[in-house]
Amino acid sequence: MDKIVFGKYIPLDTPIHALDPRAKILAMLVVLVAIFLPAGWLGYLFIGIAIGIVIILAKIKFKVILRAFKPMMFMMIFLLVINILSVKEGTVLVDFDIFGHDFTIYADAIFDTLYIIVRLLLMIMITTVLTMTTKPLDLTLGIEYLLTPFKVIHVPAHEIAMMISIALRFIPTIIEETMRIMNAQKSRGVDFEEGKLSEKISAIVSLIVPLFSVSLQRADELANAMEARGYAPDGKRTRYRRLKYAFRDIVLLGGAIAILVMMIILAFVI
Amino acid sequence: MVKFESLSYIYAKDMPYATTAIEDIDLEIAKGKITAIIGKTGSGKSTLIQHLNALLLPTKGKLVIEDHVIEADKKATDLKALRKKVGLVFQFSEYQLFEETILKDVAFGPKNFGLSEEEAIKKAKEALKLVGLDETYYTRSPLDVSGGQKRRAAIAGILAIEPEIIVLDEPTAGLDPRGSKEMIELFYRLNKDLHKTIILVTHDNEIVYNYADEVVLLDKGHIIEKKEAKAFFEDTALLDELDILRPQIIALKEALNKKGASIGDDVHSIDDLAKYWRQHG
């Protein structure tokens, strides 16, 4: 259970933590768009430095960010293999025979993969910074504020925010529940680590079925508890916490937009 | 025989929020007896008993269960044999049910421990009989019977494995008074008739007083007291010192003795008390 720390909120007192969640979400979206522009290595270097500065300001250890990369390793290797097998453009790097099969690696395959990997890494970095410096409740509050204008086209802003906060709230509970059921099944002789495929499947089933049944039961109880306290999704309510933009939020958004403009220039003008 | 030797367990070791759940536990649990582990919420009872099934491995010290030795910093081997020997019934054990029918669910354990389909079914039927679920329950889904019946099915799932040592974490929590009494009497019978070692975690001092042989009291991860159960509750000065609720019969005796009666330590139940009254009243 201790290992699941990826993206977990860390309470610190830094200028990044103090930013308005709306500004952080907007800035993230703008930079995400910038990341997906074909701006070349210079552009990525620039974005990388910008995110690096934010990470330093937020007092997040780079070690933690590196740990966030780890689960991606498998996917990256997979991507590399697929690209090597499918991309047949650019200069030929290697050309050799394996058991009579002609096998060629092209330069573009490597470059394409590197591009995707760098983009993914930047994305992970930026989303990790967001979730590590923003309380989950502030995050959902920010999302709700940002979605409110879309109510005109019937986007259920409040309902979406409520669903997200409930989901976030129950992640630790469900992890705990999973551990408990796993332990109970281990006591009944289930081996989650070793065994034949058929045994593994039966082990997973013995975990998933109770987990679903408990979760559904919990959802039912939560719905009743909310109704008992008079919750109605379309009811008008006042807020205890109100969000207010400050000067630093303008700086952040300005910076994000500057990055986007620069990427556009790098990608399409130069 | 079960023996803890200066065993400690620390949750989230090496993390800033590491917490010591149990510390320096030295404890011997006698074979063939009912031992109750009591203590406030968070005193480390659940942590302690999870070691018995090697679900938690000691951070320090060691644990000996018959011929199994589990030591800190050593890889535990042969866990399956250990788990066959020690059956652990979790708190709210009904959440472990998952098969389509109760019979299949109860047979799941024995099958995992290598029994054939027919043997497992046979053991499952025996276990279901022990917990008082008859043939009509065999084909029912474990997910849509009542809470008490789910609990029984879950406990049958452990009994079907035929462990020598049965460890129970709050087996009566959330059951109605009758169900609770039937449940505890089942374990009492398993102990008396089949000589199973029973280790019981409970908040219910009535159960401890009436059924347990030994009491182990935990507080903040340490063992405060280990004593013969009846003697433990007769020592009212100790109970006051440790802030422990008296069983009703002890409270009644105490009140009567204050009014001038002299009821001795050999009176353990209402029946005993009635007998005493007839002789002395």
[X] portion near chain A, given a 4.5 angstrom heavy-atom threshold:
| X | value |
| --- | --- |
| B:Glu99 | neither |
| B:Leu97 | backbone |
| B:Tyr95 | both |

Distance from A:Ser187 atom OG to B:Ile158 atom CD1, nearest 0.5 Å? 6.0 Å
Atom [atom1] of [X] with >12 non-hydrogen neighbours under 6.0 angstrom:
| X | atom1 | value |
| --- | --- | --- |
| A:Met75 | CE | no |
| B:Asp134 | CG | yes |
| B:Lys122 | NZ | no |
| B:Ile10 | CD1 | yes |
| A:Phe192 | CZ | yes |
| B:Tyr138 | OH | yes |
| B:Lys33 | NZ | no |

Report which part of A:Glu199 has an atom under 4.5 Å of a heavy atom belonging to chain B: side chain, backbone, both, or neither.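 Neither part.
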Non-hydrogen side-chain atoms of [X] and [Y] separated by less than 4.5 Å:
| X | Y | answer |
| --- | --- | --- |
| B:Asp105 | A:Arg188 | yes |
| A:Lys186 | B:Asn53 | no |
| B:Phe98 | A:Ser213 | no |

Against chain B, work out which of A:Val209, A:Ile208, A:Asp191, A:Val214 has the most heavy-atom pairs shorter than 4.5 Å and name it.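 If we count pairs closer than 4.5 Å to chain B, A:Val209 comes out on top.
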Is the backbone N or O of A:Pro210 less than 3.5 Å from a side-chain atom of B:Gln96, with the two atoms forming a donor-acceptor pair by type? no
